[in-house]
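Scroll down for the structure; my scribbles are underneath it.
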Amino acid sequence: MKKVKAIVLRAAGINCDMETEDALELAGAEAERVHINRIIEDKKLLDQCQILVFPGGFSYGDDVAAGKILANQIVHHLHEPVQKFIDDGKLVLGICNGFQVLIKTGILPGNGQSGGQDTVTITDNDSNKFEDRWVYLAPQTEKCIFIEAGRQIYLPIAHAEGKIVTKDEAALESLKSEGHVAFKYVDENGEEGPYPINPNGSVDSIAGLTDTTGRILGLMPHPERHVRPTQHPHWTRLKDKTDGDGMTIFNNAVKYVQENL
Amino acid sequence: MKQWRFEVFNRSGFSDVHGNSVLEEIKELGIGSVEAVQSAKVFLIDSDFDDNFAQRIGKELLSDPVCEEYYIGRSGPPAGLAKATLIEVHLKSGVTDPVAESVTAALADMGMKAGNVRTARKYVLLGGLNQSHTDTIAKKILANDVIETVIIGSEAEPPSPHLKPYELQIVHWPIRDLDDDGLTALSKEKDLFLNLVEMQAIQKYYRQLDREPTDVELESLAQTWSEHCVHKTLKSSVDMSINGKEIHFDNLLKDTIFKATKQLNKSWCISVFVDNAGVVEFDKDTAVCFKVETHNRPSALDPYGGAATGIGGVIRDPMGTGLGARPIANTDIFCFGPPDKKLEDIPKGVLHPRRIMKGVVAGVRDYGNRMGIPTVNGAIYFDDRYLGNPLVYCGNIGIMDKNKCFKNPQVGNIIIVVGGKTGRDGIHGATFSSGEITHEYEATFSHAVQIGNPITEKKMLDVLIQANEANLYEAITDCGAGGLSSAVGEMGQDIGVEVDLEKVPLKYGGLNYNEIWISEAQERMVIAVKPENAEAIQKIFDDENVESTVIGRFTGDKKLILRYDGQQVAEMDMDFLHDGVPKYSRKAVWNKPELTEPSIAEKDNYNDELLQILSSYNVASKEWVIRQYDHEVQGNSVVKPLTGVKNDGPSDAAVIRPKFDSDRGLAISCGMNPMYGDIDPYWMALAGIDEAIRNLICVGGRADRIALLDNFSWANCTKPETFGALVRASQACHDGSIAFEAPFISGKDSLNNEFSCEDGTQISIPSTLLISAISIVDDVNKCVTMDAKRATNLLFVVGETKNELGGSHYYKINGQLGANVPKADLQTAPKIAQKISTAIEEGLIISCHDCSEGGLAVALAEMAFAGGLGIEADLRGLPKSKDCTRVDSQLFSESNSRYIVEVEPENYDDFAKMMLNVPFGQIGKVTAEQTLTIKAEDGKKVIELDLDSLKKAWQKPLDW
C-alpha cells in the first residue's frame, strides 16, 4: 500500500507534537515532527509529505493572541510552499493552537475565499479561563474528508482562547451556507446547549471549520488525546472498549491519501 | 528612534472578558461605584518605521481584525457622561517581558528591526471613584507592586530601562578583624542569613588564607550553606526529649528517613537523595524520577509569579537529574488561609487568601500548561494559620533511559549555560527562603521574586532532549536556588571549576559579577560538554533559537575560580564551600499535649453533618482548579483527576501511561493532614503515608513498588518544641517506610514558616508534612476508579473503623480538636494494601475508594454521586473496634487503612477468600435509586439524602 507521510510542525511552545505523531502512526502514517526553522530553510520538505498537521500547544506563548506569532511567521516565510501544498490537493489539519494558526493565517475558513481572516476569528473563552473538559461533537458536513458523516464523537478540549466569533451575522451565514462548519458542540443526545455543552461560547456552537474543498480541517478539541480506550474520561464504566473516537479523523486522513494522492 | 504607542481594544459588540472579570473583582472588594471596565493592551515600540508600516503592524500583528481595533498614540477617556479613570500597569524595569520579545521577533519576520519593545495593560474604569478606591483597585486587583508599576491618569510612560554598563570593581567584605557582633551585623547587613557559628567558620577560613573575602565568595557561601540548599536543620545532631525520655540522633535525616531507605535496599531504587530528583526503575529500559519542591515565600509575595516559577523550577529538577529526564507529569499541593476570610481580618503585608489562591492556581496553570506537562494530582488545604505563609508544593515526574541516570563531568569538560539570559531577578532567593517573613518583607525582598517564561523553558527542553539522545554532554543540572553559584558549584564539587562571568549572557547591562553569579533568573541549565562535542551540541541549540554560551571549564584542582574580564574575583576550595558548614546540634522537645475528647450529644440523624463536611473547603470539589490545568496533554492520562459518569468525581490518584508503546503505567498520589499534627505529628506523618499509599492502591498501583517523597514545611525549628514535632514526624516516616516497604527517594524541607504581624504577634504554620507517592501499574487496562459502577453490586469496607475522631472534620465542624487521632496499625495496614492491590489486579474489584477526611460517610457519598447511583449502607456490616460504638464515630471517624470496594455478586466468594485475615465486612450495595441511605446498627436511618443535594453541597464552595 502507498506510504502516507505526515509532518507534524513544531515551533517554540508547541507541545502536542509527540501524541499527534503517535496518533498518525497508529493510523498507519509515517509521521515526523519537524521544526518550522527546518521548513523555512528547506521549503521542499513539504513536498515529501501529504499531510501537514499544526498541533496544539502555545506557540510563542500565545503572545499577542493565540497562534498569532506563528501565523505571522508562516505568512511571511512559508506562504508559498503552504499554498502549493494546499493547491496540490494535500491535507492540512490544525488542532487547538494549530486551528488558531490556520484561522490567523487566513488558511481557514476560506483560504483566501469567503473573506478569509477578516471575518472569522478565535478569541477568549467566555469563562475567561483555560479549561480542560470533554465535549461531544456533531459533524455538520459530509464533504470534509477527515470526518465520518453522521458520527458524533467525544473529545477533550483544553484551551483558554477557543471561542469562534464572526465579524457579523452575514459572515456567520456565509460560513454556514458555504459549508465551512465542520463540527458543533452538542450534548450527549446531539442537542446544542449553553456552557458547558458549548465550553467557550462559540457562535452557533461551532467547534471546527473546514475549507470549501474539505481537505483542510481545524478544530479546537484534541482528537490525538482520544486514540486509546483508556483515554476516555470514564472508560472504567464502559463495557465495550473500542478505539478512541479521535482515531476516526486520523484514519480518514490516511485512507484519503492512500486512495486519492 | 521614534517611540510608537499602540493601544488595542475590543471592538464594540465583542465582550471584553478581561475587563469584565476585573469588574467582578472590584465588586467583590465591595466597591460598587464602578459601572464598567474596559481593558486594552498597550505596545510601546521604539523603531524608525513610517506611519504606513505602523498601520500595518496595528492591523496585521497587534490587533485581531474581527474582534479588536487599534489606536496609534494615547487614547483619551471614552466620550460619554460617565467619569472615567485611566490606569496603566507597566512592568518594572528588568522584569522579563515575553510578549515584547515575541513582538520583536514578529516584527523581524515582517522585515522590520525594532529597538526596545515594551508592553503594558490599560484599564478604563467608568464610574465615580475616589483616590483611595482607585489605589485599592490598582494595588489589590490590577497590579503587583513587586514586579509592576501603576500609572494613574494620562501621565507619561515610565522611563525606558536603559541601565549603565557595568565597570569592574572588585569588592571585598572584610571579615578577619570583626568581633562576634561585627560578624552578626555583616551577615544581617548583606542578607546572608548566616548565623554566628557559620560566620566564625568563614572568618577562620579567611584568617588561614590570610586575606579578606570578596563579596561573591561570601555570597557563594551564603547560598551553598543556606537552609534551602543544605538542609542543615534536618542533618543536625539532635538531643530529643519525648515525654521526658531522652533520645539522641547523630544526624536526624540519616537516622530516620535515609535509614529506612538504606535498610529496605530495594533493587529498583536507582538513585536516591543524591540527585535533583529520586530515580526508580519503571521497566527494564526506563526509569522515572520524582521531585517535589516548595515555593512558599515567593508565592506569598507574588502568588502568580511565585507559583509559576515554583512549577517551572521543579520541572527543571527531573530535567537536571542524571543526564536529564523528560517531564511527564506535574503535581501541585497548596495550603491557604480560608478564602472567605474578611478583608479586615487580614494582617498587614499579607495578600487575601482568595487572591493568593487565584494567583497561585493561575501561575501553575500558565506555566504547566505552556510546558505541555499534564498536572495530574494535587490537593488544597485551608487553615487560618496559612494566612501569612501560604504553602505551594510543586512536583514533577520525569522519564529517562535507565542507562542515563548518572552524571559524569570530567576534567577538561567545558561548562555551557543553556536557555534564558541572566538578569537581576531572584537575587537572594535561596537565602530569602530560609528566613521568616515579616509585614515589611514585601519591600525588602521584592528582588527575590523570580520571573518565569515557560516558552523559554519549553524551547530549552526540546533541544536538551535532542542533545541527550545524541549523547553530547556528560552532566547536566539546573540553575535553581542559588543560580549559577549552586549549579556550577555542585557540578564541580569533586573536580573544580573556573568560570568567566562576563561571558554569561545578560538580559540587560549593568549587572556586576556578584549578581551574575547568584542571580536566580529562571529557565537556565548548565551542562558539562567534552570540547570535541561543543560544536555539535551548540548547533542543536542554535537550530531552534536557544541561547547557549561557554562560560568556563572543569579544572581538576578542586577549586572554585571566578573571573570577570580576566581578573580573578573568587578563589575558594570546593571542600570548604561544600563541607565547611558547621555541624549543628539542636535540642528538640515533644510532650504529649493535654487534650481531651469533647462530649457531643448523639443524634438520630446526621444528614446536616454530612452535608456540612462535604461543603468544608478541604473536602469540597476542587474542579474549579483541576479544569484549569491541562491534565491530558502528552496523551498519557489513564485515571484522570476527575472521574465518574459526569467526569466530576474525585479520583484517589492519577494514573499515566508514559510510553506510547507500552501498557505499563505509573500511579501518582499524595497524602497530608496537618490537623492531626495538632494532636501528634507522629500519627500525622503515618496518616499521610497511609493515605498516599491507599490512594495508589485504590487505582490499581502495585503495593510492592511504592516510592515516597517527603516535604516538610515547618515553623521556626530553633524552637525546641517546633523541632520536636519535626523529629516526631521523621520517626514516623522511618517506621511507615519500613512497615510498607516503601522507601523514601527524595525530600525537601522549608523551615521558618512564620509571619510577624505589625503588632508583633506571630503566626506559625501548623506542622505540614506532604507525602507524595508513586507506584507501578503493570497493566493500565486493569485500573479502577472510585465511582460506583452498577446497581446490585456489593459494597465492602476493608480495614477497621476505630473511635478515632481526633483532628477529624466532624470535630472541626463542631469546633473541636479532640484527642483520639487516627493511629495507623503498621501490622495490618501493609497487608490490607497488598490484598486490595492483588484483588484489583485479579479483576475482583471494580471500584475502590479510600476513607479519608470525613470518614466512611463522605467516601460513600462521593462514590454514589460520582457514579450517579444510589447506595444503601448498613453499619451492622462495618468492621469496627470495640470502642467504636457511637454512630457519629462509625460515620465520620478518620481511621487509616480503610477502603470501600465494589464487588460484582459473582465475585463475592473469590473476594471474600482473598480478604481472609484482614478486617472486612459487607456494608451494603449499589442501587438504581438516586439516594444515599445509611442505617445504624439499630436499623434506623441516620443518613438519607438524594445524590443531587450531596453533590451540590460538595461542589458549591469552590465553584468560582
Side-chain angles (χ1 to χ4, degrees), chain A residues 10 12-16 18-19 22-23 25 35 37-38 56-58 60-65 68-69 72-73 75-77 104 117-121 123-134 156 158 160 165-167 171 201 222 224-225 227-231 233-237 241, chain B residues 14-15 17-18 20-21 41 60-62 64-67 98-99 101-103 105-106 109-111 365-366 369-372 453-455 458-459 462 543-545 626-635 637-640 642-645 647 657 660 780-781 783-785 787 789 846-847 867:
Chain A
R10 286 177 52 228
I14 288 295
N15 61 29
C16 300
M18 288 177 74
E19 56 270 38
D22 174 56
E25 287 183 345
H35 195 275
N37 287 357
R38 304 291 80 69
F58 291 82
Y60 301 97
D62 278 358
D63 295 337
V64 183
K68 187 80 185 183
I69 303 288
N72 187 68
Q73 206 178 7
V75 167
H76 292 283
H77 295 293
K104 284 169 189 177
Q117 57 171 330
D118 290 341
T119 60
V120 184
T121 194
T123 185
D124 301 306
N125 295 352
D126 277 350
S127 64
N128 193 25
K129 56 176 191 276
F130 184 100
E131 280 194 84
D132 176 335
R133 63 167 70 244
W134 283 67
V165 292
T166 56
K167 190 172 186 174
H222 286 272
E224 81 284 8
R225 295 188 186 182
V227 298
R228 293 191 169 80
T230 54
Q231 289 168 324
H234 48 265
W235 65 271
T236 55
R237 306 183 67 78
K241 296 187 170 66
Chain B
F14 292 91
S15 71
V17 290
H18 299 297
N20 294 344
S21 73
K41 298 180 248 184
E60 293 173 25
L61 180 63
L62 301 181
D64 185 279
V66 175
C67 59
V99 181
E101 288 168 24
S102 289
V103 169
D109 287 331
M110 295 173 78
R365 172 194 73 198
D366 287 355
N369 291 357
R370 276 168 173 68
M371 282 301 291
N453 181 359
I455 299 308
K458 177 70 168 95
K459 277 164 70 177
D462 290 349
D543 273 351
E544 300 193 6
N545 316 104
I626 294 167
R627 293 234 176 271
Q628 293 190 60
Y629 299 151
D630 191 339
H631 45 266
E632 299 178 89
V633 62
Q634 297 193 10
S637 80
V638 172
V639 175
K640 302 180 207 293
L642 294 166
T643 190
V645 66
N647 307 332
R657 180 182 178 281
F660 289 128
V780 297
N781 296 296
C783 285
V784 300
T785 51
D787 47 311
K789 299 293 184 304
I846 63 165
S847 306

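Residue numbers start from 1 in every chain, and the chains themselves are labelled A, B, ... in the order their sequence lines are given, proteins ahead of strands.
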Report which part of [X] has an atom under 4.5 Å of a heavy atom belonging to chain A: side chain, backbone, both, or neither.
| X | value |
| --- | --- |
| Val633(B) | both |
| Asn369(B) | both |
| Phe14(B) | side chain |
| Ser15(B) | side chain |
| Pro454(B) | neither |

Do any N or O atoms from the side chain of [X] and from the backbone of [Y] form a donor-acceptor pair under 3.5 angstrom?
| X | Y | value |
| --- | --- | --- |
| Arg237(A) | Gly867(B) | yes |
| Asp109(B) | Asn72(A) | no |
| Lys640(B) | Gln231(A) | yes |
| Arg627(B) | Asp132(A) | yes |
| Arg38(A) | Asp543(B) | yes |
| Arg10(A) | Asp462(B) | no |
| Trp235(A) | Val638(B) | yes |
| Lys458(B) | Ala12(A) | no |

Please state whether the side chain, the backbone, both or neither of Asp126(A) comes within less than 4.5 Å of a heavy atom of chain B.
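For Asp126(A), backbone and side chain are both near chain B.
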With sequence neighbours excluded, residues passing side chain to side chain donor-acceptor pair (under 3.5 Å) with Gln628(B):
Arg365(B)
Just jot down the side chain to side chain donor-acceptor pair (under 3.5 Å) partners of Ser127(A), sequence neighbours excluded, or say none.
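For Ser127(A), the residues satisfying side chain to side chain donor-acceptor pair (under 3.5 Å) (neighbours in sequence not counted) are Glu131(A).
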Would you compute the distance between atom [atom1] of [X] and atom [atom2] of [Y] and round it to the nearest 0.5 angstrom?
| X | Y | atom1 | atom2 | value |
| --- | --- | --- | --- | --- |
| Glu632(B) | His222(A) | CD | NE2 | 9.0 Å |
| Lys129(A) | Ser21(B) | NZ | OG | 10.5 Å |
| His234(A) | Asp787(B) | NE2 | CG | 9.0 Å |

For Thr236(A), run the side-chain hydrogen bond (donor to acceptor under 3.5 Å, both in side chains) check against Asn781(B), Thr785(B), Thr643(B) and tell me which one passes.
Thr785(B)
